[in-house]
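Throughout, a chain's letter reflects where its sequence line sits, starting with A, and its residues are numbered from 1. These values consider heavy atoms only, across backbone and side chains, with no hydrogens, waters or symmetry-generated copies. Keep in mind the model is a prediction, meaning the values are calculated, not measured.
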There are 2 protein chains.
Amino acid sequence: EDALISGIAFNRDEAQLTIAGVPDRPGIAAAILGPVGDANIEVDMIVQNVGADASTDFTFTVHKNDYDRASDVVKALAVELGAKGVRTATDIVKVSLVGVGMRSHAGIASKMFKALAAEGINIRMISTSEIKISVVIEDKYLELAVRTLHRAFELDQAKS
Amino acid sequence: EDALISGIAFNRDEAQLTIAGVPDRPGIAAAILGPVGDANIEVDMIVQNVGADASTDFTFTVHKNDYDRASDVVKALAVELGAKGVRTATDIVKVSLVGVGMRSHAGIASKMFKALAAEGINIRMISTSEIKISVVIEDKYLELAVRTLHRAFELDQAKS
Ligand SMILES: C[C@@H](O)[C@H](N)C(=O)O
Ligand SMILES: C[C@@H](O)[C@H](N)C(=O)O
């Protein structure tokens, strides 16, 4: 196994905005991000899963300070695009397993998910890259999640 | 603007598997990835958006060579988890804008999405990190997408 886990990162300054049921056709992603960028709102995660019935949900996260403005932009877009609705959450935290060579390691992801599940922590969103497996969970679980993952991946041992 | 775009990467060896309508409660993500990892199937992307009505869709990509085995695992899981169904696609390609400091740049993402939209390329999935904005599109658009993004981000100029 070539993966090397270097640590746990988290970001509790984010808010999530989802435009639900947007048309799944060319131009929609641009139609959403364009106005968000024009409003000078920075975006961290963008998550969109495969659609069904020609529609899908489009989610992105922003800094909590930009939430109100982003929410206004998104509500207007939802009407303009004929979306099903808008769902948002400010009680979120992004927790990431950081490492190298983590891509292709179903075992590492499942270990991370098992550890969180064992503490009753629901995983609201998942997004991965070669260097990070990120989950979005409810912010009240931040400390428990970080402690749990440190233990599961034996990251707390270097200091003992 | 502190972002630096270094290039376009793509992976045409992937297949996508989605378990649609899985229960959105602790333990489900682990219940899916566990058996996939146990079957020695490597996983590249994992994408899960926020749920609604206590359910969500769970998507991951594997190497095309592992598609048949992954498909068997997923179909069995869908039954076991009481999921709505399974959707899969082997006609996909992952195209990524690679750089540094790309996080927080709604303008970069919207430029990427606009460029693809202008060529009529539908974006099936989106997943982002600080160093990559990745989209999954239909594989027939690979060459067009890469050429379009090189032009949009002026990455073809170094060689002229
Ligand atoms: C859907 C799945 O991610 C579930 N929410 C879990 O925590 O395992
Ligand atoms: C939903 C959105 O991503 C759409 N498929 C697009 O290509 O813009």
Side-chain angles (χ1 to χ4, degrees), chain A residues 16 18 20 24-34 36-38 41-52 56-60 63 87 89 103-111 113-136, chain B residues 16 18 20 24-34 36-39 41-52 56-60 63 87 89 103-110 113-136:
Chain A
Q16 160 238 317
T18 301
D24 187 11
R25 62 165 190 262
I28 299 297
I32 296 169
L33 259 299
V36 173
D38 293 344
I41 295 168
E42 293 184 342
V43 165
D44 178 30
M45 299 170 82
I46 302 172
V47 173
Q48 177 202 307
N49 211 337
V50 277
T56 188
D57 295 349
F58 191 101
T59 296
F60 61 96
H63 196 284
R87 284 182 247 129
R103 175 194 167 196
S104 303
H105 279 278
I108 293 182
S110 86
K111 182 171 176 171
F113 301 159
K114 267 200 186 85
L116 296 172
E119 303 296 333
I121 299 170
N122 193 47
I123 298 168
R124 294 182 177 184
M125 287 170 68
I126 301 170
S127 184
T128 60
S129 74
E130 288 89 339
I131 56 170
K132 267 193 183 178
I133 301 175
S134 295
V135 297
V136 169
Chain B
Q16 160 239 317
T18 301
D24 187 9
R25 62 165 189 262
I28 299 297
I32 296 169
L33 259 300
V36 174
D38 293 343
I41 294 168
E42 294 184 341
V43 165
D44 178 31
M45 298 171 82
I46 302 172
V47 174
Q48 177 201 307
N49 211 336
V50 277
T56 189
D57 295 348
F58 191 101
T59 296
F60 61 95
H63 196 284
R87 284 181 247 130
R103 177 196 165 194
S104 303
H105 279 277
I108 292 181
S110 87
F113 301 158
K114 265 200 188 87
L116 296 172
E119 302 298 332
I121 298 170
N122 193 47
I123 298 168
R124 295 182 177 184
M125 287 170 67
I126 302 170
S127 184
T128 60
S129 74
E130 288 88 338
I131 55 170
K132 267 192 184 182
I133 301 175
S134 295
V135 297
V136 168

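The nearest pair of heavy atoms linking P26(B) to G120(A) is CG-O, 3.6 Å. Looking at every heavy atom in both residues, G34(A) comes nearest to S110(B) through N-CB, 3.6 Å.
Residue contact with chain A, scored on non-hydrogen atoms closer than 4.5 Å, is absent for I32(B). There is no contact between E119(B) and chain A, counting heavy-atom distances below 4.5 Å. Interface remark: I121(B) contributes backbone atoms only to the contact with chain A (heavy atom separation under 4.5 Å). There is no contact between I28(A) and chain B, counting heavy-atom distances below 4.5 Å. For chain A, the nearby parts of K114(B) are the backbone and the side chain; heavy atoms of each come within less than 4.5 Å. For chain A, the nearby parts of F58(B) are the backbone and the side chain; heavy atoms of each come within less than 4.5 Å.
For the pairing with S127(B), the side chain to side chain donor-acceptor pair (under 3.5 Å) check across S127(A), S134(A), S129(A) returns one residue only, S127(A).
With respect to chain A, the highest number of heavy-atom pairs below 4.5 Å among I123(B), V43(B), T56(B) belongs to V43(B). Contact count against chain B (heavy-atom pairs under 4.5 Å) is highest for I126(A) among I126(A), T128(A), I133(A). Annotation: maximal heavy-atom pairing with chain A below 4.5 Å, among A117(B), A31(B), A89(B), occurs at A117(B). Per-residue heavy-atom pair counts under 4.5 Å with chain B were compared for V50(A), V36(A), V135(A), and the maximum is reached by V50(A). Looking only at heavy-atom pairs under 4.5 Å with chain B, the residue among A106(A), G27(A), A118(A) that has the most is A106(A). Taking E130(A), Q16(A), M125(A) one by one and counting their heavy-atom pairs under 4.5 Å with chain B, the maximum is reached by M125(A). Contact count versus chain B (heavy atoms, under 4.5 Å) is highest, among G37(A), G51(A), A115(A), for G51(A).
From R87(B), atom CZ reaches atom CG of N49(A) across 7.5 Å, with rounding to the nearest 0.5 Å.
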